[in-house]
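Below is one structure, written out as structure tokens; the observations come after it.
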Amino acid sequence: MKVLVCGGAGYIGSHTVYELIERGHDVVVFDSLVKGHKAAVHKDAKLYIGDLRDREAIYRVFKENNIDAVIDFAAFSLVGESCNKPLTYFDNNVYGTLRLLEAMNRADVKKIVFSSTAATYGEPKNIPIVESDPTEPINPYGETKLTVEKMLKWSDKAYGIKYVALRYFNAAGAHTSGEIGEDHSPESHLIPIILQTAAGVRDHISIFGDDYHTEDGTCVRDYIHVTDLADAHIKALEKLNRDNTSATYNLGNGKGFSVKEIVEMAKQVTGKPIKVLTESRRPGDPPTLIASSQRAIDELGWQPRFNTPEQIIATAWKWHSTHPNGYNDK
Ligand code: NAD
Ligand code: UFG
């Protein structure tokens with residue numbers, strides 16, 4: 001298949017591009033590089049640098065390449081920032097994918113896999129979360145992703161564009177080769193911050209709140225390896241080819257770990273001391289997010305291979321310990 005990967009220079013996108021190429025697919029990457037890294041793009045992928053909101057730039061990619069299907073990772077995804085700049089988030093995340101869908105329709109490309117998020121659920125009423133649970137985002141970021149999901153639903157009805165929306169829980173880890181990994185600027189995710197502390201790039205990690213209604217008072221999350229996410233995207237493309245029907249899936253390991261537990265595991269994996277301070281809660285953090293991925297297991301035949309946080313942290317450590325300043329290209 002010839003697959004267009006929007007946001008393929010970013011963290012999850014670059015890992016998916018590696019996986020697609022390893023499985024013999026042709027890949028075209030479209031990325032503004034506003035957050036991503038040229039060095040993260042596999043050498044066998046064709047790279048277009050452009051912004052999805054630029055109608056002609058994205059249409060040109062379809063005109064110049066015989067694209068079979070699209071995977072869309074391109075978005076801003078900092079929850080806190082989205083609360084301060086909601087219009088920036090709606091502009092990039094909603095308008096960007098709107099332009100992409102327009103170009104797909106114009107080019108008669110009718111299959112898309114979309115990066116959605118656990119943030120579409122807001123404060124869950126049931127754990128583990130299933131896809132039919134209420135979607136009530138508590139921040140603009142989650143709202144933009146839910147808006148795109150709705151746009152996809154109506155684009156399916158009107159234009160026959162078939163989609164798979166993948167609601168990831170907490171993506172973590174790195175390619176086992178250590179060649180590519182997570183490098184966000186600013187970094188806000190827990191595991192990279194912990195490992196940058198272990199690598200001596202940061203002085204400490206701040207735990208945002210230890211007074212939650214959880215076993216040790218810190219937030220509980222479901223960590224899923226980035227290569228397992230990449231695999232799910234390819235399985236989603238295969239499903240679209242197989243039955244040409246739209247669907248939505250959670251992707252997680254189905255087990256929750258607290259912030260304190262993750263810090264302890266990182267100490268074990270790295271063998272390094274990690275200084276921890278406790279601060280007040282970060283706005284917009286639900287206490288516990290754990291996925292039921294049963295639907296993805298049943299319908300996609302997906303099965304995560306990195307089942308424990310230790311395994312996930314070990315791959316991330318291989319990247320952070322050898323790239324303490326990330327791609328170092330900014
Ligand atoms: P990332 O920032 O590393 O990657 C996003 C990429 O999209 C970047 O390379 C960026 O330059 C590009 N981009 C952004 N806006 C663009 C635009 N308008 N036009 C062209 N390119 C653009 O993010 P990530 O962590 O890899 O996340 C990928 C996707 O997965 C995002 O949509 C995110 O919301 C979603 N997601 C991430 C997580 C997580 O834990 N990291 C969890 C759930 C969902
Ligand atoms: N945390 C800290 N200190 C830090 C960073 C994070 O205590 O320095 C805590 C957070 O408060 C949270 C947990 O660690 O309780 C995980 O935080 P992350 O920022 O790593 O991840 P989030 O759970 O906030 O969000 C991530 C993605 C979202 C996605 C969500 C789904 O960034 O896109 O997972 O679970 F929606």
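Heavy-atom basis, side chains included; hydrogens, waters and symmetry copies ignored. Numbering of ligands and ligand atoms starts at 1, following listing order.
- In this structure, of T117, V276, I191, the residue bringing a heavy atom nearest to atom 29 (C) of ligand 2 is T117.
- A cation-pi arrangement is absent between R167 and Y249, since the terminal nitrogen or guanidinium carbon is not both under 6.0 Å from the aromatic centre and inside a 45° cone about the axis.
- Protein neighbours of ligand 1 below 4.0 Å, counting non-hydrogen atoms: G7, A9, G10, Y11, I12, D31, S32, L33, V34, K35, G36, G50, D51, L52, F73, A74, A75, S77, N92, S115, S116, T117, Y141, K145, Y168, F169, A171, H184, H189.
- Residue contacts with ligand 2: L190 is placed with a nitrogen or oxygen under 3.5 Å of a nitrogen or oxygen of the ligand (distance criterion only).
- Heavy atoms of S206 found under 4.0 angstrom from ligand 2 belong exclusively to the backbone.
- Note that K35 lies in the cation-pi zone of F76, set by a 6.0 Å cut-off to the ring centre and a 45° limit from the axis.
- Looking from atom 24 (O) of ligand 2 to the surrounding protein, the closest heavy atom is R282 NH2, 2.7 Å.
- Not a single heavy atom of V79 sits under 4.0 Å from any atom of ligand 2.
- For ligand 2, the atoms closer than 4.0 angstrom to any heavy atom of L289 are 35 (O).
- Looking only at distances, no side-chain donor or acceptor of E81 sits under 3.5 Å from a matching main-chain atom of L78.
- Heavy-atom proximity to A118, at under 4.0 Å, picks out these atoms of ligand 2: 31 (C), 35 (O).
- Among the atoms of Y223, none of the N or O lies under 3.5 angstrom from an N or O of ligand 2.
- The pair D211-R281 meets the salt-bridge criterion, with a side-chain N (NZ, NE, NH1 or NH2) lying under 4.0 Å from an Asp/Glu carboxylate O.
- Protein heavy atom nearest atom 21 (O) of ligand 2, with residue, atom name and distance: N170 ND2, 3.1 Å.
- Using a 30° and 60° split on the angle between ring planes, H15 and H175 fall in the tilted class, from 30° to 60°.
- Counting the atoms of ligand 2 from 1 in the order shown, those under 4.0 Å from a heavy atom of I207 are 7 (O).
- Summary of contacts: the protein heavy atom closest to atom 27 (C) of ligand 2 is H189 NE2, 3.8 Å.
- The heavy atom nearest to atom 4 (C) of ligand 2, considering only F208, Y168, Y121, is found in F208.
- Screening N126, V130, L289, N250 against Y121 for a side chain to side chain contact (heavy atoms under 4.5 Å, CB included) leaves a single residue, N250.
- Cation-pi contact between R221 and F169: absent, since separation from the ring centre below 6.0 Å together with deviation from the ring axis within 45° is not met.
- At a heavy-atom distance under 4.0 Å, only side-chain atoms of I205, from C-beta outward, approach ligand 2.
- Between F114 and Y163, the distance separating the two ring centers is not shorter than 6.0 angstrom.
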(request) Take L229 and T16 through the side-chain contact (heavy atoms from CB on, under 4.5 Å) test and state the conclusion after the steps. (result) CA-CA 8 Å; L229 290 180; T16 304; 5.9 Å; no
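- Ring pair Y11/H189: centre-to-centre distance not below 6.0 Å.
- Looking at Y141 next to ligand 2, an N or O pair under 3.5 Å apart turns up.
- For the pair H225 (side chain) and T227 (backbone), a donor-acceptor distance under 3.5 Å is present.
- Side chain of H323 to backbone of N325: no donor-acceptor contact under 3.5 angstrom is found.
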